[in-house]
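Okay, structure first, notes after.
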Amino acid sequence: MRRLTRSGAPSRRSPARARVRGNLPAELNRFVGRADELAALDRRLSAARLVTLVGLGGVGKSRLARHGGAILQDRFCDGVWLVELSALREAHLLDHAVAEALALADHSGRPVRTALADHVADRELLLILDGYEQLTDDCAELAAELLRRAPGLRVLAAGRRPLGLPGEQALPVAPMVDADAAALFADRAAAVLPGFALDAGNEPAVAELCRRLDGIPLALELAAGRLRALSLEQVLDRLDDRFRLLTGTVRGAPERHRTLRTAIGWSHELCTPQERLLWARLSVFAGQFDLEAAEYVSSGPELPVEELLDVVEELVTQSLLVREETAAGVRYRMLDTVRAYGAGWLAATGDGERLRRRHRDWYLGLATWCELDWFSPRQAEIAARIDAELPNLRVALEHSLESTQETHLGQYLAGALWFYWVGCGHLAEGRHWLDRALELDGGHDETRLKALWVAGYVAVLQGDTVGALGMLQECREEADRTGDPTAAAYALHRTGCLALVCDDLPRAETLLRGALHSYREIGELNSNVLMGQVELAMAMAFRGELDDAVRLCEDVREICGDHGERWTLAYALFVLGFAAWSRGEGGQARALLEEALAIDHSFHDLLGAVLAIELLALVTLGEGDVEEAAVLQGAAGRIWPSVGLPLFGSRHFNQPHALCERQARDRLGAERYERCLRAGGRLDLDAAVARILRPARELPGPRSVLRFTAPAVHRPAASPSASGGEPAG
């Protein structure tokens, strides 16, 4: 019976024959990282006879193949043989190159392919085919024939695309992970500057360099080489023109890897004209993008939309595009280095401005659709979509605000994203874009007015009462002047919200009821309208009118159920939880607040989440778990700086917090309370939410009932009834 080798292939060779090592060159410097890839390569070569390492030029395929081959050398009795094909351009020389690498001297006059097949037929060897991209089809044909003729043969190929043969297992080689990338840079830097080592002083700069170079080993080695003449900070400063900076040579590297530009350019040379054109056009995208966006932005007479998918697939196959599964579906992205190369070609075509306008137009349309669809069961999908598209939306905003002719489009886009700024935890970034947009004169009243009330809304939630008042007053005055009832209603609404957080409850009630009336008159019903009703209910709850507040929020709850709305529902549940707690119904309050917190967390709505956590701390105190209540207050304290002024600086919003703090401090003592507070301050939002929503929460000791009663305030007789503030459902 024939014995089995460690590679899994039956051995046909005589035990008397000496073991052959092969022709792998000795490694000139230390191999760094890639533990996961080496383990995967080991598994693949044990299971398959053809394994292909695929990835971008300079990503380290060749080095991984050679190092992996050296590690596995003892598995192959007839050695590991490297065939370097990158310099080969003529297909008819392929067989000769392989024969030369195998040291096959045949003088019989037979075809070289026949001699090769006979040579490997009874051998157990690993053949490494490196750099075959320009001869993919011919190399695939040769590999297929040799594998058919030689049961003991394994082939490890390394290139930008798979060979496309049956039974082939492709192993993508991605850029290095952060720790490996930093270790590689430090190792190569130490060879240039003896004594260089990662430490607390240079780690941030090295991490930034690795990030900006996408963790591409070739780029990192070239950057390390620049330390002969530049400091680490100077290298970072010059990375914007990376293709000029990274032009040093890596001795012993293939010609195609002597500079970063050459490595990427080698891929460019192997592309068809359509692939090069799409590569250039896709460089206008930042981060991820989907197929529909690519089709809209990049298609044209030279690149028909019906052919674009095939070209995208080719760029993915060649490792120039990365395909990723995300919460928003299948998306694509380019490494920054690949994008920068494509951007250079796009600039050379003179078509860059037109492509950037098309890119901006696509994302204007996307934001418009998402704003309209926010009031629907698709809120979670929309939140995930905008999260994924944020880098491109930033590019679209920047492009619009750079041009005086298109400022109004930037104002429109910044305003249309109100639901994301407010509802998904991006108040600070929203304020940044809105402030920039409002500094400019777009010449379009409607878009400026929307940006004004949205900016006022964001400012209210951040606790910037002065800024909010100025923007909302301007919006109301300009809306009256231009006859814009929609902007007037929103400005009135947000002014009422401002009065609420400033503790002017009678004025808040009057303004919010007026805004709800205006919304009904213009036929407006959406998340903002329902939020106005929740805010009215909140004002009434703070005044002790709990029954009316509950009726308003139950109405909101019903409308949200009809429309699949979840974001506003969370705030309605918060008010219902507040009312339940005020009535001494701690268990009901917890159920309502935990549901609200789960929704807020799913949207990453920091404001809604921190309000729920603050009130849950008080609920927890009432249940007898005083230390846990203090921990939750500490967790809330960590979140508030990311939102704005804690509890808006409002006496009414602060009452539950103050009551909880006073009672907890009295029961625990100042030192123990502060210790619990610090423990909570170490919890991020995810940890705090997981702690609160964990199942089977165990409580120490009996539950006590600590009741909070809102101050009774006489309601003016002339005030409209609670039902009068309800929008038509």
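Here the structure is a predicted model, which means the values were calculated and not measured.
- Sorted by first and then second residue, the pairs that involve residues 413-434 and meet salt bridge (charged side-chain N to carboxylate O under 4.0 Å, His left out), not counting sequence neighbours, are R394-E429, R431-D435, R431-D464.
- Between the side chain of Y420 and the main chain of A383, no donor-acceptor pair closer than 3.5 Å is present.
- Side-chain atoms of L434 and W418, non-hydrogen and from C-beta on, never get closer than 4.5 Å to each other.
- Applying the ring-ring contact (aromatic ring centres under 6.0 Å, His included) rule to pairs touching residues 385-408 yields H408-H444, sequence neighbours excluded.
- Y457 has its ring centre no less than 6.0 Å from the ring centre of Y490.
- Considering all non-hydrogen atoms of both residues, L500 and E535 come closest at CD2-O, 3.8 Å.
- Ionic pairing of E509 and R543 is present here: one or more N-O contacts between side-chain nitrogen and carboxylate oxygen are shorter than 4.0 angstrom.
- Without hydrogens or angle criteria, R507 side chain to A499 main chain gives no donor-acceptor distance under 3.5 Å.
- The structure places CG of L552 at 8.5 Å from CG of L516, a figure rounded to the nearest 0.5 Å.
- Between E402 and R436 there is no salt bridge, since no side-chain N of the basic residue sits under 4.0 Å from a carboxylate O of the acidic one.
- Under the 4.5 Å side-chain criterion, counting only non-hydrogen atoms from C-beta, C560 is not in contact with W567.
- Remark: the backbone N or O of A612 is not paired with any side-chain donor or acceptor of D600 at under 3.5 angstrom.
- Here the straight-line distance linking atom CD of Q655 with atom OG of S582 works out to 9.5 Å at 0.5 Å rounding.
- Within the 4.5 Å cutoff, no side-chain heavy atoms of L492 are placed close to those of W453.
- Y332 has its side chain out of reach of L282: every pair of non-hydrogen atoms, C-beta onward, lies at least 4.5 Å apart.
- In terms of heavy-atom proximity, F419 sits nearest to C370 at CZ-CB, 3.7 Å.
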Inset, instruction - Would you sort out whether L611 and L647 count as a side chain to side chain contact (heavy atoms under 4.5 Å, CB included), showing the intermediate values? - result: CA-CA 8 Å; L611 287 174; L647 292 158; 4.1 Å; yes
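- Side-chain contact between E478 and R448: absent, with no pair of heavy atoms (C-beta onward) separated by less than 4.5 Å.
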Inset, instruction - Assess whether salt bridge (Lys or Arg N to Asp or Glu O under 4.0 Å) is satisfied between R331 and E325, documenting all intermediate values. - result: CA-CA 6 Å; R331 302 177 65 75; E325 295 276 357; over 6 Å; no
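- Listed for the E565 side chain is a donor-acceptor partner under 3.5 Å among the backbone atoms of T568.
- A salt bridge is absent between E627 and R675: the closest approach of a Lys/Arg side-chain nitrogen to an acidic carboxylate oxygen does not fall below 4.0 angstrom.
- In this structure the side chain of M540 never reaches within 4.5 angstrom of the side chain of L505, judged on heavy atoms.
- The ring-ring contact (aromatic ring centres under 6.0 Å, His included) test with W362 singles out one residue from F285, W369, Y296, and that residue is Y296.
- Of the inter-residue distances, the one linking L592 atom CG with E585 atom CD reads 9.5 Å to the nearest 0.5 angstrom.
- In this model, a donor atom of one side chain and an acceptor atom of the other lie less than 3.5 Å apart for S650 and D503.
- Taking the six-membered ring for Trp and thresholds of 30 and 60 degrees, F574 and F578 have ring planes inclined between 30 and 60 degrees apart.
- The main-chain N or O of G523 is never found under 3.5 Å from a side-chain atom of E521 such that the two would form a donor-acceptor pair.
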Inset, instruction - Might you work through the side chain to side chain contact (heavy atoms under 4.5 Å, CB included) test for D445 and D484, ending with a clear yes or no? - result: CA-CA 9 Å; D445 292 330; D484 188 333; over 6 Å; no
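- With 3.5 Å as the limit, one finds no donor-acceptor pair spanning the side chains of N392 and R360.
- From L498, atom CG reaches atom CE of M471 across 10.0 Å, with rounding to the nearest 0.5 Å.
- Under the 3.5 Å distance criterion, the side-chain polar atoms of R212 are left unmatched by any main-chain donor or acceptor of L209.
- Note: R356 CZ to S283 OG = 8.5 Å, rounded to the nearest 0.5 Å.
- When atom types are taken as modelled, the side chain of Q379 and the backbone of R566 share a donor-acceptor pair closer than 3.5 angstrom.
- Listed for the Q633 side chain is a donor-acceptor partner under 3.5 Å among the backbone atoms of H657.
- Pairing each heavy atom of G577 with each of L615, the nearest pair is C-CD2, 4.3 Å.
- Between H652 and F542, the angle of the ring planes stays under 30°, which puts this pair in the parallel group of the 30/60° scheme.
- Nearest approach of A537 to A549, heavy atoms of both residues: O-CB, 3.3 Å.
- Closest non-hydrogen pair, A596 versus L573, comes out as CB-CB, 3.9 Å.
- Here W374 and F603 bring their ring centres to under 6.0 angstrom of each other.
- N526 places a side-chain N or O within 3.5 Å of a backbone atom of V529 that can act as its donor or acceptor partner.
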Inset, instruction - Decide yes or no on side chain to side chain contact (heavy atoms under 4.5 Å, CB included) for E203 and V206, but give the supporting numbers first. - result: CA-CA 5 Å; E203 275 183 356; V206 171; 5.7 Å; no
Inset, instruction - Decide yes or no on side chain to side chain contact (heavy atoms under 4.5 Å, CB included) for L449 and Q411, but give the supporting numbers first. - result: CA-CA 9 Å; L449 288 175; Q411 292 173 343; over 6 Å; no
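- Using a 4.5 Å heavy-atom cutoff, the side chains of R385 and D290 are in contact.
- Distance alone, capped at 3.5 Å, places no donor-acceptor pair between the R339 side chain and the A286 backbone.
- C424 SG to L606 CG: the interatomic distance, rounded to the nearest 0.5 Å, is 10.0 Å.
- With contacts defined as side-chain heavy-atom distances shorter than 4.5 Å, the pair V284/R358 does not qualify.
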